[in-house]
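All values reported here derive from a predicted model rather than from experimental measurement.
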Amino acid sequence: MPPDPQRQPRQAKQRSEKLRARRWPARLAWAVVIVIVVILLLPYLLVPLYRVVDPVSTLMLWRWAKGARVEKSFVPIDRMAPALPVTVIASEDGRFCSHRGVDWKEIRDRLEDVDDISEARGVSTITQQTAKNLFLWQGRSFVRKALEFPLALWIDLVLPKWRVLEIYLNIAEWGPNGQFGAEAGSRYAFNKSVRVISPHEAAMLAAVLPNPKRRSARTPGPAVRRLAGIYERRGAAQAALAACAKPPK
């Protein structure tokens with residue numbers, strides 16, 4: 001029986017189709033890997049731009065995507081009331097000016113005081129909170145912490161301390177309904193600009209962090225008033241700790 005002249009082209013076509021079918025999973029896997037690598041590297045590429053570009057937080061972007069309200073106004077740190085940066089450092093991260101993004105001493109001390117490592121993961125510097133607000137998500141998880149640590153180290157390496165604090169003060173959530181940054185938080189709480197708030201009002205704002213939905217500087221409860229008193233005294237006593245918060249002139 002003579003060979004079918006069309007059989008070989010059909011077989012070659014079938015082999016080619018099978019080969020392409022086998023390649024698709026591999027190509028898809030590589031595409032997923034590339035997307036993941038780009039997502040992981042993107043924050044490291046963006047951080048140097050934030051020396052001159054005023055960023056927004058992931059929570060702001062999420063609220064915009066949902067059509068929710070976002071109120072923000074970026075205010076340079078040297079135009080804020082001097083008491084605010086000092087009080088926030090005193091309340092949130094007393095060694096902000098001396099550590100390199102992650103306060104290993106505080107983490108070690110906390111681990112020595114607790115039995116469960118999960119109880120120590122709440123230790124978070126201002127730089128770590130800035131990394132979380134800029135690039136990660138809310139809530140607590142070891143995955144987020146694993147991503148947060150190297151980002152905080154990179155941010156501290158690339159940005160001056162005063163700029164890290166300036167970004168944090170301008171992107172932190174400071175009100176219950178989309179008020180982001182100290183200016184929006186101050187206007188919501190005191191109906192005045194953050195430029196002219198008093199040391200006590202600065203302490204009230206510091207007491208609202210990190211949960212402005214449960215704590216309020218506008219209608220402060222006993223716990224917020226007590227924290228504000230502690231932070232005000234601590235800020236006055238530790239003003240020298242905030243020397244790094246002043247931008248060069």
Side-chain angles (χ1 to χ4, degrees), residues 39-61 72 74-78 80 84-111 120-174 180-182 185 202 205-212 231 234-235 238-248:
I39 290 173
L40 292 175
L41 289 180
L42 185 59
Y44 295 89
L45 299 176
L46 289 175
V47 168
L49 299 179
Y50 293 160
R51 294 180 70 97
V52 293
V53 175
D54 296 333
V56 297
S57 70
T58 53
L59 187 53
M60 291 183 205
L61 294 173
K72 69 179 187 70
F74 202 100
V75 176
I77 196 169
D78 56 0
M80 296 180 184
L84 184 63
V86 173
T87 307
V88 169
I89 288 176
S91 64
E92 295 276 292
D93 185 3
R95 283 191 283 267
F96 173 72
C97 289
S98 59
H99 65 63
R100 304 312 304 171
V102 176
D103 193 343
W104 300 111
K105 182 179 184 304
E106 179 69 19
I107 293 174
R108 185 170 59 252
D109 292 346
R110 183 72 66 88
L111 285 172
R121 68 185 183 187
V123 178
S124 186
T125 65
I126 286 174
T127 314
Q128 287 175 252
Q129 293 178 62
T130 302
K132 176 194 71 176
N133 290 340
L134 284 176
F135 303 116
L136 302 173
W137 59 92
Q138 306 300 309
R140 293 183 177 183
S141 72
F142 287 111
V143 173
R144 201 205 72 196
K145 280 293 182 184
L147 296 172
E148 183 182 287
F149 273 42
L151 269 173
L153 296 172
W154 176 245
I155 288 172
D156 187 87
L157 179 67
V158 173
L159 300 181
K161 288 282 187 178
W162 68 267
R163 180 59 173 168
V164 176
L165 183 60
E166 181 177 75
I167 290 173
Y168 175 68
L169 294 173
N170 277 286
I171 65 172
E173 191 177 14
W174 236 308
F180 290 90
L205 288 177
V208 168
L209 298 172
N211 197 335
Y231 295 159
R234 190 181 296 174
Q238 300 179 343
L241 296 178
C244 67
K246 297 178 181 179

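At least one donor-acceptor pair closer than 3.5 Å links the side chain of Trp154 to the backbone N or O of Tyr44. A donor-acceptor contact shorter than 3.5 Å is absent between the side chain of Trp174 and the backbone of Pro212. Although no hydrogens or angles enter the test, the distance criterion places a donor-acceptor pair under 3.5 Å between the side chain of Asn170 and the main chain of Glu166. Looking at Thr127, its side chain never comes within 3.5 Å of a backbone N or O of Asp156 through a donor-acceptor pair.
Interatomic distance, CD of Gln128 versus CZ of Arg144, reported as 8.5 Å (0.5 Å rounding). Put simply, CG on Leu151 and CG on Leu136 are 6.0 Å apart, with the number rounded to the nearest 0.5 Å. For the atom pair CG (Leu159) and OG1 (Thr130), the distance works out to 9.0 Å, reported to the nearest 0.5 Å. Interatomic distance, Ile89 CD1 to Tyr168 OH, rounded to the nearest 0.5 Å: 11.0 Å. How far CZ of Arg95 is from NZ of Lys105: 4.5 Å, rounded to the nearest 0.5 Å. Here the CG-CG distance, from Leu134 to Leu59, works out to 12.0 Å after rounding to the nearest 0.5 Å.
Aromatic ring orientation, Phe149 versus Trp104: perpendicular (interplanar angle above 60°, classes split at 30° and 60°).
A heavy-atom distance below 4.5 Å is found between the side chains of Leu169 and Ile77. Counting heavy atoms from C-beta outward, Leu209 and Gln129 have side chains that stay 4.5 Å or more apart. Tyr50 has its side chain out of reach of Ile155: every pair of non-hydrogen atoms, C-beta onward, lies at least 4.5 Å apart. Side-chain contact between Leu147 and Trp137 is present, with at least one heavy-atom pair separated by less than 4.5 Å. The side-chain heavy atoms of Lys246 and Pro85, taken from C-beta on, include no pair separated by under 4.5 Å. Side chains of Val47 and Phe135 form a contact here, defined as non-hydrogen atoms less than 4.5 Å apart. Phe74 has its side chain within reach of Pro55: a pair of non-hydrogen atoms, C-beta onward, lies under 4.5 Å apart. Contact check for Lys145 versus Ser124: side-chain heavy atoms found under the 4.5 Å cut-off.
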field: Verdict with reasoning, Gln138 to Glu173, per side-chain contact (heavy atoms from CB on, under 4.5 Å)
entry: CA-CA 11 Å; Gln138 306 300 309; Glu173 191 177 14; 5.7 Å; no
- request: Could you give me the CA-CA distance, side-chain angles and deciding distance for Arg51 and Arg163, then say whether side-chain contact (heavy atoms from CB on, under 4.5 Å) is met?
  value: CA-CA 7 Å; Arg51 294 180 70 97; Arg163 180 59 173 168; 5.6 Å; no
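Between Val158 and Pro48, the shortest heavy-atom distance links the atoms CG1-CA, 3.7 Å. The two residues Ala152 and Ala131 have their closest heavy-atom pair at N-CB, 4.2 Å. Here the closest non-hydrogen pair linking Leu45 and Leu49 is O-CG, 4.1 Å. In plain terms, the two heavy atoms of Trp162 and Pro248 that are nearest each other are NE1-CD, 3.3 Å. The two residues Tyr231 and Ala207 have their closest heavy-atom pair at CE1-CA, 3.7 Å. Gly101 and His99 make their closest contact through N-ND1, 2.9 Å (heavy atoms, listed as atom of the first residue, atom of the second, distance).
Only one option out of Thr125, Leu165, Val88, Asp103 pairs with Phe96 in a side-chain contact (heavy atoms from CB on, under 4.5 Å); it is Leu165.
Between Asp54 and Lys72, none of the side-chain N atoms (NZ, or NE/NH1/NH2) sits under 4.0 Å from a carboxylate O, so this pair counts as no salt bridge.
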